[in-house]
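The block underneath contains the structure these notes are about, expressed in structure tokens.
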Amino acid sequence: GSQLVSASADGSMRIWNVGNRQLQGVLLGHASGVVAAAFAPCGNVLASAASDNTVRLWDPRIACEGGSVEEAAASHMDCVTWVAFSPSGAMVASAGQDWTVRLWDPEDGSHKALLQGHTDVVRCVAFSPSGHLLASASSDWTVRLWDPLAKLETGVLTGHSDRVLAVAWAPSGRLLASACHGGVVMVWDAVSMNVRLTLK
């Protein structure tokens, strides 16, 4: 893409033009540090997650014109740690220190689902390339798989012996990698839910 967003501990975000490296706009609205941000696939919506317990949605095009940019805000019960768009851009997922994953409508910021099952902080969420699965990584040492349309848990991946900090899908959508605080990366088969590879 031609734009880059940077998030700051002071609650602000800045949008940059990658080509000329110029600042295009400053986003203000969060009451405390912004810890994650993501553009929708089409680039017309920006989601941010912050330690003020909120997910906020912005129109980056208006921000670059110096106008009012905040579209909607939605809340967790504790700090929000991650935010991600579905491949179609029709859904936003967020992870929080309240042990939950939440789904939102990026059009109006309305809350669509509360996904519960983790027993500690949820660190990261990632949609599969098809958008049919959502993976979440948690400090409870597990990765959970969810059907975001049915709003149901479809599996729990266990094998890490430390906090799971990140998850990422292979382009095929068949394999999922998870990384833990102890420096171990595990590659899972998302269909059989078996470990295919462990990297130490």
Side-chain angles (χ1 to χ4, degrees), residues 1 3-15 25-64 67-118 120-128 131 133-140 143-149 151-153 164-169:
Q3 290 181 313
L4 172 74
V5 61
S6 59
S8 173
D10 66 6
S12 70
M13 294 186 294
R14 284 167 167 75
I15 297 178
V26 179
L27 309 180
L28 301 173
H30 282 293
S32 57
V34 183
V35 297
F39 280 101
C42 60
N44 64 349
V45 182
L46 174 67
S48 57
S51 54
D52 63 4
N53 305 359
T54 67
V55 174
R56 293 180 184 266
L57 300 170
W58 315 79
D59 185 335
R61 298 164 299 182
I62 298 176
C64 295
S68 176
V69 297
E70 186 179 346
E71 292 186 338
S75 298
H76 277 256
M77 298 300 292
D78 205 333
C79 301
V80 189
T81 56
W82 201 264
V83 66
F85 279 91
S86 64
S88 68
M91 190 178 295
V92 176
S94 58
Q97 289 189 14
D98 57 4
W99 304 3
T100 69
V101 175
R102 295 173 187 259
L103 302 178
W104 314 91
D105 184 336
E107 289 292 324
D108 58 11
S110 60
H111 185 249
K112 293 301 182 184
L114 171 64
L115 305 179
Q116 295 177 296
H118 283 296
D120 206 329
V121 173
V122 186
R123 299 285 178 179
C124 179
V125 287
F127 283 94
S128 66
L133 286 174
L134 176 70
S136 56
S138 172
S139 291
D140 65 9
V143 173
R144 291 178 185 263
L145 299 179
W146 313 85
D147 180 330
L149 297 179
K151 304 175 180 63
L152 295 173
E153 182 184 288
V164 188
L165 304 179
V167 284
W169 291 90

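Heavy-atom basis, side chains included; hydrogens, waters and symmetry copies ignored. Residue numbers count from 1 along this sequence.
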At what distance, to the nearest 0.5 angstrom, does [atom1] of [X] lie from [atom2] of [Y]?
{"X": "Q97", "Y": "S139", "atom1": "CD", "atom2": "OG", "result": "8.5 Å"}
{"X": "L149", "Y": "K112", "atom1": "CG", "atom2": "NZ", "result": "12.0 Å"}
{"X": "L115", "Y": "T100", "atom1": "CG", "atom2": "OG1", "result": "8.0 Å"}

Ignoring hydrogens, what is the shortest heavy-atom contact between [X] and [Y]? Give both atom names and the distance.
{"X": "S75", "Y": "W104", "value": "O-CH2, 3.5 Å"}
{"X": "D98", "Y": "M77", "value": "OD2-N, 2.9 Å"}
{"X": "P87", "Y": "P41", "value": "O-CG, 3.2 Å"}
{"X": "D108", "Y": "S110", "value": "OD1-OG, 2.7 Å"}
{"X": "C124", "Y": "A95", "value": "N-CB, 4.2 Å"}
{"X": "A93", "Y": "F127", "value": "CB-CE1, 3.6 Å"}

Would you check if [X] and [Y] make a side-chain contact, meaning some heavy-atom pair closer than 4.5 Å?
{"X": "L46", "Y": "M13", "value": "yes"}
{"X": "R123", "Y": "V164", "value": "no"}
{"X": "S12", "Y": "L28", "value": "yes"}
{"X": "L134", "Y": "L103", "value": "yes"}

Just by modelled atom types, is the [Y] backbone N or O under 3.5 Å from a matching donor or acceptor in the [X] side chain?
{"X": "S51", "Y": "C79", "answer": "no"}
{"X": "S8", "Y": "D10", "answer": "yes"}
{"X": "S86", "Y": "M91", "answer": "yes"}
{"X": "T81", "Y": "V122", "answer": "yes"}

* Neighbour count >12 (heavy atoms, 6.0 Å) for atom CH2, W146 -> yes

* **The single option from H118, E153, R144 passing side chain to side chain donor-acceptor pair (under 3.5 Å) against S136** =>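 Of the listed residues H118, E153, R144, the side chain to side chain donor-acceptor pair (under 3.5 Å) partner of S136 is H118.
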
